[in-house]
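What follows is a set of notes on a single structure, which appears directly below.
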There are 2 protein chains.
Amino acid sequence: MAGGDTKKSKANASGGGKKKEVKKETGLGITNRKDDNFGEWYSEVVVNAELIEYYDISGCYILRPWAMSIWEIMQTFFDAEIKKMNIQNCYFPLFVSPGVLQKEKDHVEGFAPEVAWVTKSGESDLEVPIAIRPTSETVMYPYYSKWIRGHRDLPLKLNQWCNVVRWEFSNPTPFIRSREFLWQEGHTAFATKAEADAEVLDVLELYRRIYEEFLAIPVVKGKKSELEKFAGGLYTTSVEAFIPNNGRGIQGATSHCLGQNFAKMFEINFEDEKGEKGMVWQNSWAYSTRTIGVMVMVHGDDKGLVLPPKVASVQVIVIPVPYKDADTKGIFDACSATVDALSEAGIRAKADFRDNYSPGWKYSNWEMKGVPLRIEIGPKDLANNQVRAVRRDNSSKIDIPRASLVEQVKEMLDKIQQSLFDVAKQKRDACVQTVKTWDEFVEALGQRKLILAPWCDEEEVEKDVKARTKGEMGAAKSLCSPFDQPELPEGTKCFASGKPAKKWTYWGRSY
Amino acid sequence: MAGGDTKKSKANASGGGKKKEVKKETGLGITNRKDDNFGEWYSEVVVNAELIEYYDISGCYILRPWAMSIWEIMQTFFDAEIKKMNIQNCYFPLFVSPGVLQKEKDHVEGFAPEVAWVTKSGESDLEVPIAIRPTSETVMYPYYSKWIRGHRDLPLKLNQWCNVVRWEFSNPTPFIRSREFLWQEGHTAFATKAEADAEVLDVLELYRRIYEEFLAIPVVKGKKSELEKFAGGLYTTSVEAFIPNNGRGIQGATSHCLGQNFAKMFEINFEDEKGEKGMVWQNSWAYSTRTIGVMVMVHGDDKGLVLPPKVASVQVIVIPVPYKDADTKGIFDACSATVDALSEAGIRAKADFRDNYSPGWKYSNWEMKGVPLRIEIGPKDLANNQVRAVRRDNSSKIDIPRASLVEQVKEMLDKIQQSLFDVAKQKRDACVQTVKTWDEFVEALGQRKLILAPWCDEEEVEKDVKARTKGEMGAAKSLCSPFDQPELPEGTKCFASGKPAKKWTYWGRSY
């Protein structure tokens, strides 16, 4: 009962006793430790923190309000940013006809095994089976072909917020790998490659900001290998996160330049200024509810979820700590006044006035749910005209005079946000291992490192690396070649093939 | 070419000529008249105004940005209002297992014929076919049963914004009847019937506000008959709109009290304050993208779409009207300054600086797209330090001094919003016919009226009315019994059965 142990010191005398009693009844607390049994710990946290409820269809999960509010905060940010870029929202159908789905050969090969097919309505068989979108390139582009005639119709920049379905069979994991998930998918078309290239990076920067500024998770921006790029695209960029506990990389979000492959298949042509026929350059880019899973994995601890303040729907939980002879009404009023003052200043605060739980139980409960800052108000605090603030991330406590409440709480929330990022970065960086030889690579892989290695950038070599590292834990693969490249001295050889290295690339096992 | 004819007077000399020429090339304008061929007119407007693109799967439609922005404005309003009511957003899966779907007998009977079934993924058959949600009662309520234990877990109030699928075969119509559509669905559970009853009406009031305050469409609030209520529910309330052009009623949105039927089937029980077992009272309520279709039908005219200012993503379109010798740069600058001034005041304004279209063409184009207010700036306006404003709804023109621009534009937008509602209400009211006998009823039905009749409120009688009015145009049915009941004198008889009447009810053909 890790959640309980670490909290005893925080409960007051009466609360402490009662808490234990209540806890037995409700099973409060996280029973698995993050370091001992990461997979079980993750499943327990997403359920106990009320982010997820398991569903009776495997690989499908219920997003509860506590998760949905995180998604909505990121959505509000991203939607406003893309609107500034003159990208407009639209909504294309969930269903795709087979003919269209199969138009781009590489693309359909990439997705076909995971496509869910509708074959019946009511009691009747459909004339032709209809696919459910795994992504919307083939859904949208026949219409891009129709809408785009001349250079004045370009750029065409659309986005949609929707659900997609990929009927995967391997290891369903809430948020990280689910058969249905929520995402945004942007689909844009330009007259020139230069414009497309620029947008790929502009959007990737927004994804970096979602991870680093909102979720407090350090990511590496880079380019995917030919083997790992989007099926049918020209090149793929991504933000890559890393989970130190199991040494797995995780693709955070992707921004693809599709080149002209889809334009050719779907005949998306335009007449340029000189009256000559051109073919558009296209991008597509997406991030999904997977973001939330990465956040749980990176910041969560043995007490449960840890929410970065920027994405917490409750940033501050205010808990009254009444005591026998104390002025209970005064304490409750002080709690209400605290919530009011914080709310007025734009801080998302809430009081927990439930009378059937002890303060200690409430501490554990809100810690499990990851609320960044707890404010306790007891008789002593009331007498001293102060509140006690306790940080979720590092358990540090501070007494705040009520006169400077808003100012100090704001400052603490900023500090928590920064500190979560700093700690996560420190942990991630500690896992980075630079290797130069195959032996070093194998050793680092065994140590679950995020491996940076000089590479010849040949597809066959990556296939070979995969084959040679196959095993129970899954094969290693390239994660990305970081845009921020360390110096590559002349004559450096590929760690895997011994051929001349062309770039530094991150490798590892991944989700 | 109705769109063109009515606009000639507005084009300046040079613009008028060029417009005609351009028009032939692009097919600009609506060719069907609303009064002559309503169905064709509707299809043409939704496509030409760029709300909809037809899709290669029948009954599915693409919502283009011009439609999506309307949906988002309503969503922003409604989402904020339900959050004030402490209703939280969540997301449940798209898929339903057959066992759960079939749990509530009446409910599944209502939806089964329209359910789409997934039976394959990739090349493999699924072990058990999986349904796509037509609505989410059966998706959600097994979990309500799990989450609700005691009275402190109540009320449970969730909402989701999502897509649903109903594989209908009759008359697919963009927005109005489509196989996939977007909606919100609220699902709430209470300890008492009184709380559920109150919420049904609170939500219905929000739906009234969406129609009347945002879409400028008058609706009747009322209760559905037993035959027309939600399958499996206790009673259904709705806001009902009316389309004068074809004399059809249209259900605008519904707020259902489900009573305890689902609670019984899904065992949603709780322990009350006294430790006794109770069963929850439930509601569900929804409005969909159908709202947009009703708006097109009610306000559109022979020039195209007419957008109420409150839901227009562009409320004011500013068009430069350069002239041979005139100060073109001065005119363009004045347009930009106008847009800036309006935007700063929170008015959604945009200038159309395209150089390959004449002012006249632009007038027609933005009229077709329904922008509420057009501002023209030509040499004379520049000289007089004024702009010319032209209302979309009634074509009235007014010169506005630039000094009072923001103030007067705001006022005009408010007036347009109100006037659209007033005109729509006047037209709707003119269609209401009160009848007392079957003969009067049949005559009024032939005249496509919205019929108010005294009714005995018996299910068999409604079935009989349907049977007796069956025909090419579809049978008549009850629309709702308005909450606002006219006096019903003692001894009044049912128009259809001759039995004592219990209430006034609206009848008619409907969508």
Side-chain angles (χ1 to χ4, degrees), chain A residues 53 55-57 60-69 71-72 79 88-97 99-100 112-124 126 129-130 132 139-140 142-143 146-147 150 152 158 160-163 165 167 169 178-180 182 289 313 354 356, chain B residues 53 55-57 60-69 71-72 79 88-97 99-100 112-124 126 129-130 132 139-140 142-143 146-147 150 152 158 160-163 165 167 169 178-180 182 289 313 354 356:
Chain A
E53 183 73 68
Y55 189 64
D56 74 335
I57 296 174
C60 294
Y61 305 95
I62 297 161
L63 301 186
R64 301 185 71 176
W66 202 243
M68 207 56 203
S69 60
W71 183 242
E72 286 180 343
D79 200 67
Q88 295 182 298
N89 284 334
C90 62
Y91 187 77
F92 279 72
L94 174 69
F95 297 117
V96 203
S97 57
V100 173
E114 297 173 0
V115 169
W117 293 92
V118 176
T119 64
K120 278 177 63 180
S121 75
E123 294 291 312
S124 329
L126 298 190
I130 289 175
I132 301 180
V139 173
M140 292 182 167
Y143 301 90
K146 184 173 179 184
W147 296 333
R152 291 172 197 278
L158 299 180
Q160 67 182 12
W161 297 93
C162 66
N163 54 345
V165 172
W167 209 262
F169 290 92
S178 56
R179 287 178 167 172
E180 180 196 5
L182 301 183
T289 37
S313 59
R354 288 178 290 180
N356 58 326
Chain B
E53 183 74 69
Y55 190 64
D56 75 334
I57 296 174
C60 294
Y61 305 96
I62 298 162
L63 301 187
R64 302 185 69 177
W66 203 242
M68 208 57 201
S69 61
W71 183 242
E72 288 180 343
D79 201 66
Q88 295 182 299
N89 284 335
C90 62
Y91 186 77
F92 279 73
L94 175 69
F95 298 117
V96 203
S97 57
V100 173
E114 298 172 1
V115 169
W117 293 92
V118 176
T119 64
K120 279 178 62 180
S121 75
E123 294 291 312
S124 330
L126 299 190
I130 289 175
I132 301 182
V139 173
M140 293 182 167
Y143 301 91
K146 185 173 180 186
W147 295 333
R152 291 171 198 277
L158 299 180
Q160 67 183 12
W161 296 93
C162 66
N163 55 345
V165 172
W167 209 263
F169 290 92
S178 56
R179 285 178 168 174
E180 181 196 4
L182 301 182
T289 37
S313 59
R354 288 178 290 181
N356 58 326

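Here is how names work: the chains are called A, B, and so on, in the same order as the sequence lines, proteins then strands, and each is numbered from 1.
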Picking from K146(B), E123(B), R152(B), which has the most non-hydrogen pairs under 4.5 angstrom with chain A? R152(B)
Chain B contacts, top residue of C60(A), P142(A), S97(A) (heavy-atom pairs, under 4.5 Å): S97(A)
Select one option (side chain, backbone, both, neither) describing which atoms of W161(A) are under 4.5 Å from chain B's heavy atoms. neither
Using non-hydrogen atoms only, which part of A116(A) is less than 4.5 Å away from chain B: side chain, backbone, both, or neither? both
Residues in side-chain hydrogen bond (donor to acceptor under 3.5 Å, both in side chains) with Y55(A), at least two apart? none
Under 4.5 Å from any heavy atom of chain A - which part of F95(B): both
So, do T289(A) and Y91(B) sit near enough that their side-chain heavy atoms are less than 4.5 Å apart? no
Could you state the interatomic distance from CD (Q88(B)) to CD (E72(A)), rounded to the nearest 0.5 Å? 10.0 Å
Given side chains that start at C-beta, do those of D56(A) and Y143(B) come closer than 4.5 Å, heavy atoms only? yes
Take W167(B) and L126(A) through the side chain to side chain contact (heavy atoms under 4.5 Å, CB included) test and state the conclusion after the steps. CA-CA 10 Å; W167(B) 209 263; L126(A) 298 190; 3.8 Å; yes
4.5 Å side-chain heavy-atom contact, P65(A) and N89(B): no
S124(A): what forms a side-chain hydrogen bond (donor to acceptor under 3.5 Å, both in side chains) with it, not counting sequence neighbours? none
dist C90(B):SG -> R64(A):CZ (nearest 0.5 Å) comes out at 9.5 Å
Steps toward side chain to side chain contact (heavy atoms under 4.5 Å, CB included) verdict (I132(A), I132(B)): CA-CA 10 Å; I132(A) 301 180; I132(B) 301 182; 3.8 Å; yes
If one checks every heavy atom of W147(B) against chain A at 4.5 Å, the contacting part turns out to be side chain
When only pairs under 4.5 Å are counted, which of I57(B), V96(B), I62(B) shares the most heavy-atom pairs with chain A? I62(B)
Under 4.5 Å to a heavy atom of chain B? For Q160(A) that would be neither
Among W66(B), Y61(B), F92(B), single out the residue with the greatest number of heavy-atom pairs under 4.5 Å to chain A. F92(B)
Side chain, backbone, both or neither of F169(A) within contact of chain B (heavy atoms, under 4.5 Å): side chain
Give a yes or no on whether the backbone of L94(A) and the side-chain of E180(B) come within a donor-acceptor separation of less than 3.5 Å. yes
Measuring heavy-atom distances to chain B, does V139(A) have an atom under 4.5 Å in its side chain, in its backbone, in both, or in neither? both
Measure distances from P93(A) to the heavy atoms of chain B and classify the residue's part below 4.5 Å as side chain, backbone, both or neither. both
